[in-house]
Visitor: 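Provided herewith is a single structure, encoded as structure tokens, for subsequent inquiry.
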Amino acid sequence: MEEIKMDQYNQETKNRLKRIEGQIRGVLKMMEDEKECKDVITQLSAARSAMDRAIGYIVAKNLETCIRTSNEKGDSAEQLINDAVQMIVKSR
């Protein structure tokens, strides 16, 4: 799969990661305040889910761009799709 260019990470993608960053800071604050274990784990799970969604979003946007480029060149997109699936599998 082609490498995504840094300018292709749109503001929505950056905002997703900033929200995750805020969640993690919130978890640290909860730990400092000695909140209940189950509450900390709930927030960590939410942050992990948000991270998984961000990974999926970035892979999907990259795949979309790569397929469009591949189609313009007349190439098959099969390997691009396989690469995208592998990226998602490795992220888990």
Side-chain angles (χ1 to χ4, degrees):
M1 186 177 263
E2 294 177 27
E3 289 296 316
I4 192 165
K5 293 182 177 70
M6 291 306 289
D7 61 341
Q8 289 180 317
Y9 294 119
N10 63 21
Q11 193 58 46
E12 180 183 353
T13 304
K14 294 172 189 174
N15 288 344
R16 285 172 182 261
L17 294 179
K18 287 177 184 178
R19 282 192 299 274
I20 295 167
E21 178 183 32
Q23 285 179 298
I24 297 300
R25 287 177 194 226
V27 170
L28 287 169
K29 174 91 169 82
M30 291 174 73
M31 291 175 160
E32 290 168 1
D33 294 344
E34 298 187 12
K35 298 293 183 182
E36 294 288 325
C37 174
K38 70 176 189 166
D39 295 331
V40 171
I41 296 303
T42 297
Q43 289 306 309
L44 282 172
S45 294
R48 180 174 53 195
S49 293
M51 186 70 74
D52 288 342
R53 286 189 307 273
I55 289 169
Y57 179 82
I58 290 169
V59 170
K61 287 297 183 182
N62 186 45
L63 180 59
E64 180 183 328
T65 300
C66 291
I67 287 175
R68 190 175 299 119
T69 301
S70 179
N71 285 340
E72 289 170 1
K73 293 179 182 177
D75 296 336
S76 170
E78 185 175 343
Q79 186 59 46
L80 296 172
I81 294 167
N82 289 335
D83 291 347
V85 169
Q86 286 305 309
M87 276 195 285
I88 292 172
V89 168
K90 285 180 183 178
S91 73
R92 292 299 301 160

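Model, not experiment: these values are computed from the prediction.
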Visitor: Kindly compute the distance separating NZ (Lys61) from SG (Cys66), expressed to the nearest 0.5 Å.
Guide: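 One finds 13.0 Å between NZ of Lys61 and SG of Cys66.
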Visitor: Going by atom types only, do Asn82 and Gln86 share a side-chain donor-acceptor pair under 3.5 Å?
Guide: no
Visitor: Measuring from Thr69:OG1 to Glu64:CD, what's the distance to the nearest 0.5 Å?
Guide: 10.5 Å
Visitor: Please say whether more than 12 non-hydrogen atoms of neighbouring residues, nucleotides or ligands are located less than 6.0 Å from CD in Glu34.
Guide: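 Atom CD in Glu34 is not crowded, with 12 or fewer foreign heavy atoms closer than 6.0 Å.
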Visitor: Output, in order, the C-alpha distance, side-chain angles, deciding distance and verdict of side chain to side chain donor-acceptor pair (under 3.5 Å) for Ser49 and Asp52.
Guide: CA-CA 5 Å; Ser49 293; Asp52 288 342; 5.4 Å; no
Visitor: Quick one: list whatever passes salt bridge (charged side-chain N to carboxylate O under 4.0 Å, His left out) with Lys18, sequence neighbours left out.
Guide: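 Salt bridge (charged side-chain N to carboxylate O under 4.0 Å, His left out) check on Lys18 returns nothing, list empty.
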Visitor: Taking NZ, NE, NH1 and NH2 as the nitrogens, is one of them in Arg68 or Glu72 under 4.0 Å from a carboxylate oxygen of the other?
Guide: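 A salt bridge is absent here (no side-chain N lies under 4.0 Å from a carboxylate O).
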Visitor: Given side chain to side chain contact (heavy atoms under 4.5 Å, CB included), test Met30 with Asp39 step by step and report yes or no.
Guide: CA-CA 8 Å; Met30 291 174 73; Asp39 295 331; 3.6 Å; yes
Visitor: Using side-chain heavy atoms (C-beta onward) and a distance below 4.5 Å, is Leu63 in contact with Asp83?
Guide: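 No; the side chains remain at least 4.5 Å from each other.
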Visitor: Provide the closest heavy-atom pair for Ser76 versus Ser70 in the form atom of the first, atom of the second, distance.
Guide: O-OG, 3.3 Å
Visitor: Taking a hydrophobic cluster as the set of Ile, Leu, Val, Met, Phe, Trp and Tyr residues connected by side-chain heavy atoms closer than 4.5 Å, whether directly or through intermediates, do Val59 and Leu17 fall within one such cluster?
Guide: yes
Visitor: Hey, what do you get for CG (Leu28) to CG (Asp33), rounding to the nearest 0.5 Å?
Guide: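 Output value for this atom pair is 11.0 Å.
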Visitor: State the NZ-CD1 distance between Lys90 and Ile55, to the nearest 0.5 angstrom.
Guide: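 If we round to the nearest 0.5 Å, Lys90:NZ and Ile55:CD1 are 13.0 Å apart.
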Visitor: Given 3.5 Å as the limit, does a donor-acceptor pair link the side chain of Ser91 with the main chain of Ile88, or not?
Guide: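 Present.
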Visitor: Treating Asn10 as the side-chain partner and Glu12 as the backbone partner, does any N or O pair qualify as donor plus acceptor under 3.5 Å?
Guide: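 Yes, the answer is positive, given that a donor and an acceptor are paired below the 3.5 Å cut-off.
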Visitor: Quick one: side chains of residues 41-48, donor-acceptor pairs under 3.5 Å with protein atoms, not counting sequence neighbours, listed by atom name and distance.
Guide:
{"unit_1": "Thr42", "atom_1": "OG1", "unit_2": "Lys38", "atom_2": "O", "d": "2.7"}
{"unit_1": "Ser45", "atom_1": "OG", "unit_2": "Ile41", "atom_2": "O", "d": "3.0"}

Visitor: Quick one: are Arg16 and Ile58 in side-chain contact, heavy atoms under 4.5 Å?
Guide: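 The answer is no, as the side chains (C-beta and beyond) never meet within the 4.5 Å cut-off.
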